[in-house]
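Note that these values count all heavy atoms, side chains included, but never hydrogens, waters or copies made by symmetry. Just so it is clear, the model here is predicted, and its values are computed rather than measured. Every chain is numbered from 1, with letters handed out A, B, ... down the list of sequences.
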Amino acid sequence: MTRTEDTPDIVVIGGGNAALCAAITAAEAGARVLILESAPKPYRGGNSRHTRNFRCMHHGPLGPLVDSYTEEEYLADLLKVTGGKTDEHLARLAIRTSEDCLPWMEAHGVRFQPSLSGTLSLARTNAFFLGGGKGLVNAYYRTAERLGVQVRYEAAVTHLDLDDNRIAFVDYTQNGETRRVTPKSVVVASGGFQADTDWLARAWGPAAKNFLIRGTPYNRGVVLADLLHQGIEQVGDPTQCHAVAIDGRAPKFDGGIVTRLDCVPFSIVVNKDARRFYDEGEDVWPKRYAIWGRLVAAQPDQVGYVIIDAKSLNLFMPSVFPPIKADTLEELAQKMELPADALAQTVAEFNAACGDTSAFHPTELDGVSTTGITPPKTNWARPITEPPFYGYSLRTGVTFTYLGLKVDENAQCAIGNRPVTNLWAAGETMAGSILGQGYLAGFGMTIGTVFGRIAGKEAAAHAN
Amino acid sequence: MQTDLLQEARRQAEICNACRYCEGYCSVFPALHAERAFSDGDLTQLANLCHNCRGCYYACQYTAPHEFDLNLPQALANVRQDSWEDLAFPQAAGRAFQKNGVAIAVATVIGFALLFWAARALAAQGGEGFYAVLSHNAMVAIFLPAFLFPLVSIAISLRRYWQRVGAGPFRTAHLVKALKQAGNMKNLKGGHGDGCNFEDEDRFSHTRRMAHQAVMYGFLLCFASTSVATVMHYALDMPAPYGIFSLPKLLGISGGLLMVLGCAEMIRLKLRSDRALGATQAFGGEVAFVGLLGFVGLSGLLLYALGQTGAMPLLLVLHLGAVLAFFLLTPFTKMAHGFYRLTALVVDAQR
């Protein structure tokens, strides 16, 4: 049975950063706002729960950020990672607006780390949330509730009914019951579809069934599929997802940041046949991190194995699961279920190809490379000789998908080439409008904050 | 120490070390991030640095129902509690009182009983005021050992602690840094100065920090009052009673008020807080101890207010009994945390 209930002015679908920015902005503009979050309360916040920082343009020091980071430099960084696959107009809008987002975030309860001592040196470009993304999400929920925003958890939106060029009503289920609301405005901020592995497999092929999902299990793309099915304009390549190589023992969903492995540059990486397949020393790890997801995805059974020796163990961030440890390569192969002979041969060939290692420098491209093997290792190439030996398994971890809703500079969705009069989108669900491929650390939160606020403002203006 | 508690804290610390999102909250995280593997001593030090502000718990993406099931405030509270029992001298007293509200209550009653007995048996003929109930010499004979014993006991425990956590040589500069942090309770400010998450899930508030400061400074004022009075009695030949504008009274009354208000607020906050984020088994013992501390303050104030009435002998004995119990229990109750925390801050300053 469908129950029609007391109707808010605006329904915000989703409960992460973009949704909260939209809800807060709309509520401050005087609208009555209802958030429909499909996750239960402990898991609220979508992938924002797992995020950590916000990339922000600034002229001169701003909040925790030092120095300056100009629009042109920011855009250049974006163009580099996207290979030009971006809508420059929207990208510039996001970049430019990011500067006044940071004080807005602080004014709405978000707190930043004063400075960062970790392995990443991003003090100029990225502001880090104190406590991470869940801290940000908590602060926004407190702010939203103070502003009178209603929040329903475990409220899964199943259908937005498109009537000509407006959304007539929204159906969702809660406590096993179907409910219907008829708001004046709707903001969709419900993420991508990466947690629906069937959809991933349709796009990627069956290999995607072996992928791990780094973020929330609640981004199943139900609303996205519903809207695309009704002809709302789409953007981004359905076959594309952002995938990195993470610890193969990570949970299927929600492993988050701790599953990352920074050891690849100091290792050799082999597949299940104990063969190397790519230059492990191509670049410093954060820059090359993302390509290994695809490299591992292309290997048999979508697995890879990192092999290091004792001298490399302390050169990278501690891992969440301890490495597999053995006194001999043969024993390590056995423990990792790799063919021992083949591994011994691969390591021997690699070791023989290593040359002078005296210039080894763990934090910069040191040019310590192999000669005469394919693939080569072009930096940090030191023979694997010093027991004990350590190994990690690698699997492909999906961060997000690129397929989404196409929006204009008002965050408004369209059907054909006319706008849907009361539908806006923000966050991961429209990020493909700007981020066609690749990724730039902290840019997801920038898109979410900028377009969340725009969507909230526009939705409230329409409702009033 | 209990291996399972250490093992659980180690499991959680390793996950935290791979995440590092909580870096800015308090002193625990920079100390944790400095290690790759955690010895029992490392975990003991981390546990005693933790102020149970709970900021990290509410910011954590890996708390239950997530399968990693992180609850670092609880894991560290359990190790901390266990370390106090283990390091206590004599150890059996640590085991008896740390977690046990009933034992604290019984000890307090015994303290009262002793004082009643002493008041009857040792009442000074011809003394004035309080000394008509119990002579000055009798008070000294009872309280001097009761004061010295805890000091010796705590000194032994802290020495054991220092060795267990592998601290370096003592430096005054480290103590000064630690005293500054303890003085304004920096680690209860949440890193951003908004306070901690104690009584209302993820809402930040300074309430616990303020209540805790009231207790600490109230206690120190009362202690100063007693010290000043001792000096006046012995060095300046100015025996009690003292007038309201005398130093002992000014310090004692303000300290007593702070202590009573602070303890009442601490108990209120404890009852509101989520017990599953602390050492659940120690909850009763902690509440009982804060209650005793508050009663020391309250009975002292009442004694002052009603000192000229017929209730005086009864109030005096109640107050002195509570003080006696408090001193004797100091090394074996929540009171010990102050000494361990300060020591942990000194050790942390060495890093």
Quick one: are Asp200(B) and Arg142(A) in side-chain contact, heavy atoms under 4.5 Å?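 Yes, at least one pair of side-chain atoms sits under 4.5 Å.
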Start with the C-alpha gap between Val258(A) and Glu14(B), add the side-chain angles, then the distance that decides, and say whether side chain to side chain contact (heavy atoms under 4.5 Å, CB included) holds. CA-CA 10 Å; Val258(A) 298; Glu14(B) 284 171 0; over 6 Å; no
How long is the gap from CD on Gln61(B) to OG1 on Thr51(A), to the nearest 0.5 Å?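 That separation rounds to 8.5 Å.
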Separation of Ser319(A) OG from Asn17(B) CG (nearest 0.5 Å):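 Going from the CG atom of Asn17(B) to the OG atom of Ser319(A) covers 9.5 Å.
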Which atoms of [X] come close to chain B, meaning under 4.5 Å heavy atom to heavy atom: side chain ones, backbone ones, both, or neither?
X         : answer
Arg111(A) : side chain
Leu136(A) : neither
Tyr43(A)  : side chain
Ser48(A)  : neither

Would you kindly check if the NZ (Lys) or CZ (Arg) of Arg203(B) is within the cone defined by 45 degrees around the ring axis of Tyr141(A) and under 6.0 Å from the six-membered ring centre?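 Output no; distance or angle outside limits.
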So does [Y] get a backbone contact from the side chain of [X], meaning a donor-acceptor N/O pair under 3.5 Å?
X         : Y         : answer
His192(B) : Leu130(A) : no
Asn138(A) : Ala59(B)  : no
Tyr62(B)  : Gly255(A) : yes

Restricting to non-hydrogen atoms, name the atom on [X] and the atom on [Y] that form the minimum distance, rounded to 0.1 Å.
X         : Y         : answer
Asp202(B) : Arg44(A)  : OD1-NH2, 3.8 Å
Tyr21(B)  : Gln113(A) : O-NE2, 3.4 Å
Lys134(A) : Thr63(B)  : NZ-OG1, 3.5 Å
Pro251(A) : Glu67(B)  : CB-OE1, 3.3 Å

A quick test of your reading: do over 12 heavy atoms of other residues, nucleotides or ligands sit less than 6.0 Å from [atom1] of [X]?
X         : atom1 : value
Lys180(B) : NZ    : no
Gln281(B) : CD    : no
Lys325(A) : NZ    : no

Look at Glu201(B) together with Lys41(A) and state whether they make a salt bridge at an N to O cut-off of under 4.0 Å.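 Yes, charged N to carboxylate O under 4.0 Å.
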Measure [X] against the heavy atoms of chain A and call it side chain, backbone, both or neither at under 4.5 Å.
X        : result
Cys19(B) : both
Cys60(B) : backbone
Phe68(B) : side chain

Given side chain to side chain contact (heavy atoms under 4.5 Å, CB included), test Arg20(B) with Arg52(A) step by step and report yes or no. CA-CA 10 Å; Arg20(B) 302 197 169 188; Arg52(A) 186 183 197 183; 4.2 Å; yes
Relative to chain A, which of Pro65(B), Cys22(B), Pro30(B) shows the most heavy atom pairs under 4.5 Å?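 Most heavy-atom pairs under 4.5 Å with chain A: Pro65(B).
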Hey, which of Ala37(B), Gly24(B), Cys56(B) has the most heavy atom pairs under 4.5 Å with chain A?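 Option with the greatest count: Gly24(B).
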Would you mind telling me which of Gly135(A), Gly132(A), Pro318(A) has the largest number of heavy-atom pairs within less than 4.5 Å of chain B?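 The option with the most such pairs is Pro318(A).
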